[in-house]
2 protein chains.
Amino acid sequence: MVTIYDIAKEANVSAMTVSRVINNKGRISEATRIKVRKVMEELGYVPNTVARSLVLQQTHMLSLLIADITNPFYTTLARGAEDAAKRLGYKLLFGNSDESMAKEKDYVDMILSTRVDGVLFAPTGDTSLEHLRLLEKRGIPFVLLDREVPGIKSDIVQGDSKEGARKLIDHLIDLGHTRIALINGSSDTSTARYRYLGYREALKLRDLPFDEALVQEVTYRGLEDEAVLSTLLTLPNPPTAIFAANNLLALGIIKILRGIGLSVPEDISLVCYDDLGFASEMNPFLTVAAQPAYQFGSMGMQLLVERIQGNAGTNPRTLIFPSDIRVRSSSAPPVR
Amino acid sequence: MVTIYDIAKEANVSAMTVSRVINNKGRISEATRIKVRKVMEELGYVPNTVARSLVLQQTHMLSLLIADITNPFYTTLARGAEDAAKRLGYKLLFGNSDESMAKEKDYVDMILSTRVDGVLFAPTGDTSLEHLRLLEKRGIPFVLLDREVPGIKSDIVQGDSKEGARKLIDHLIDLGHTRIALINGSSDTSTARYRYLGYREALKLRDLPFDEALVQEVTYRGLEDEAVLSTLLTLPNPPTAIFAANNLLALGIIKILRGIGLSVPEDISLVCYDDLGFASEMNPFLTVAAQPAYQFGSMGMQLLVERIQGNAGTNPRTLIFPSDIRVRSSSAPPVR
DNA sequence: CTGTTAGCGCTTTCAC
DNA sequence: GTGAAAGCGCTAACAG
């Protein structure tokens, strides 16, 4: 492996001069600059980022921790983050917590020892608090994505889940539904809490009663347990519509309903939070509250880099994106 | 930041002893081991991977370069790679070439200077050759994913595209189709060539004529230009079925057909290579040749790590996965 | 404009 | 069992 010393010797200059040429720092005569460049070329020199990181105490590497790499919301977000990172000159280390605190912890340990310059962090939930505290203790800047974590004050990019949920429910009420079930993510996540609040507010504003029996809490990873649904459907007064708190939940619900011979929207309406990426383009079916996932990633990255480079001021910044209600064919008037 | 010297001083030992405790190397008395561990704990020591990488000349970091992070084939592959990397104790640096040679080059430069230990490389096409040569020159091990590159002998994980295509076309012929169009990826990619060969072979084996006018070459990124389709559909003897060489192409075709008022499979049948991830689960619609994308990633990672650790022998290894034909509702008998 | 020195945090080698 | 010295490749600080 060729080092700056090899090229220094070959060009009859000191290593320092070579370093200066590489980094365009300080004054160098045009002659030596050219000579050094030529030798670098000839020897096929590639700077050793590791050595540079060690002395500079910064790696120019950032971490992106997402909760599920197969969920189109997160992959779109990841693409936004990746594009922005590249544009800003940073490399991206990738992590996938799978909505699991244990994996998230592993990943945080990795972040700590890898000495990344900052982290784009989509937390698993409120209990991510201790992981974030570790980052704080080490002085590693981070930006929260999608979910807020009580106790943490940091830059954050999130969606307006309460308002999005309210509008989605409002749409169902407009269609004539009065019995609307909510299948929610874990209440350990801020988004689940906001979506719940939006749900309740929508009912209240339209003078509809709230029925606790219509609310089920599961996890965002999806729905495997059909008991959750059958409990709902065997109620004396069953729901005519379901609000799934995210796309994966909606997917699970559709599969279970299909399994028991019910179809959407003929038998029951279904709406959910988050769009399905290109699945929606192929077959525009599900009525959703879509979030600008790409912007979550790219804006988050921008906030993070500003913070790292000291251009972010002292106060945490909050970016809240509205959700876009896309009415498609999975929601229809109730059937008796 | 606390270093091994800090903990050495605190524990009244040398830095070397601390290092040995950390790495469980050499003989250490149980007493000092415990003492050192305790101090490490108290001071919240985290090893500095950068320094370690510099002296060890290896980063324990691997690169994964994929062609499109929003394509479910690649995201599933990425998940497989990520899971395997984690299991094997490696970190994953992420890159997205977007099927663009320029971006791929940027990424290769990044790989070179970052000193990753190896690369999982899904090449853009045959012209990736020069990028791979750069890796070879630097002695960076890599495993090719999905596409082979003429001139490169390396470990590779790929699908049996020829056979998959043949079976897909065979299925259409079974349904009664005789005029089948192929909308293919760039012939700069090995998969496009194999799919073309499979297409031709299927026709030949069933004694159907080959018509060059039915074959169109575009790119795997998708289909925006509807001229490609209208050319096909205004033929004197238009196709009754289309074989799209990947999922994104199929998506584009569906959208364009919808735009001109044609539906699948009522007006025309459609099959494609690669499944759609969870879109297929939600709405099992497209007949596909599905590849085990997760295994592409996880097996590729395994081959790579074996190669890095010198457990791979000298000969390049080739893994070829069969494709799984999943017949769904997008293919039906032709209509007159 | 260019060079020398020291050091980033760690591990390898060789002593003791 | 443990430690001292040297060095991985680079750059900041200072000197000239």
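Every chain is numbered from 1, with letters handed out A, B, ... down the list of sequences.
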Does [X] reach the main-chain N or O of [Y] with its side chain, forming a donor-acceptor pair under 3.5 Å?
X        : Y        : result
B/Arg20  : B/Ile28  : no
B/Arg147 : B/Thr124 : yes
B/Thr318 : B/Ile156 : no
B/Ser53  : B/Thr49  : yes
B/Asp117 : B/His60  : yes
A/Thr114 : A/Val116 : no

Between side-chain atoms of residues 1-11 of chain B and protein atoms elsewhere (two or more places apart, or another chain), which donor-acceptor pairs fall under 3.5 Å?
{"from": "B/Thr3", "atom 1": "OG1", "to": "B/Tyr5", "atom 2": "N", "distance (Å)": "3.1"}
{"from": "B/Thr3", "atom 1": "OG1", "to": "B/Asp6", "atom 2": "N", "distance (Å)": "3.4"}
{"from": "B/Asp6", "atom 1": "OD2", "to": "B/Thr3", "atom 2": "N", "distance (Å)": "2.8"}

**Report entry** Short N-O contact, B/Asp109 and B/Lys105, less than 4.0 angstrom
**Finding:** yes
Report task. Considering only heavy atoms of chain B and a distance under 4.0 Å, specify the first and last nucleotide of DNA chain D in 5' to 3' order that meet this criterion. Result -> D/dG1 to D/dG9
Report task. Would you tell me whether A/Tyr107 and A/Asn96 have side-chain atoms, one donor and one acceptor, within less than 3.5 Å of each other? Result -> no
**Report entry** Distance-only donor-acceptor check, side chains B/Thr189 and B/Asp126, under 3.5 Å
**Finding:** no
Query raised in the report: Which of residues 35-42 of chain B have a heavy atom under 4.0 Å from DNA chain D?
Result: none
Report task. Assign B/Thr32 to base, sugar-phosphate, or nothing according to its heavy-atom contacts below 4.0 angstrom with the strands shown. Result -> sugar-phosphate
Requested in this report: For side chain to side chain donor-acceptor pair (under 3.5 Å), just list the numbers for A/Ser128 and A/Glu104, CA-CA rounded to whole Å, side-chain angles, deciding distance to a tenth of an Å, and then say yes or no.
Outcome: CA-CA 8 Å; A/Ser128 295; A/Glu104 188 175 290; 2.7 Å; yes
Requested in this report: Take the C1' atoms of the five end pairs on each side of the helix from C/dC1-D/dG16 to C/dC16-D/dG1, derive the two axes, and give their angle rounded to 10 degrees.
Outcome: 40°
Report summary line: 5' to 3', nucleotides 9-16 of chain C under a 4.0 Å protein heavy-atom cut-off (B base, S sugar-phosphate only, - none) gives BBBB----
Report summary line: With sequence neighbours left out, the residues meeting ring pair (Phe, Tyr, Trp, His ring centres under 6.0 Å) with A/Phe73 are A/Phe296
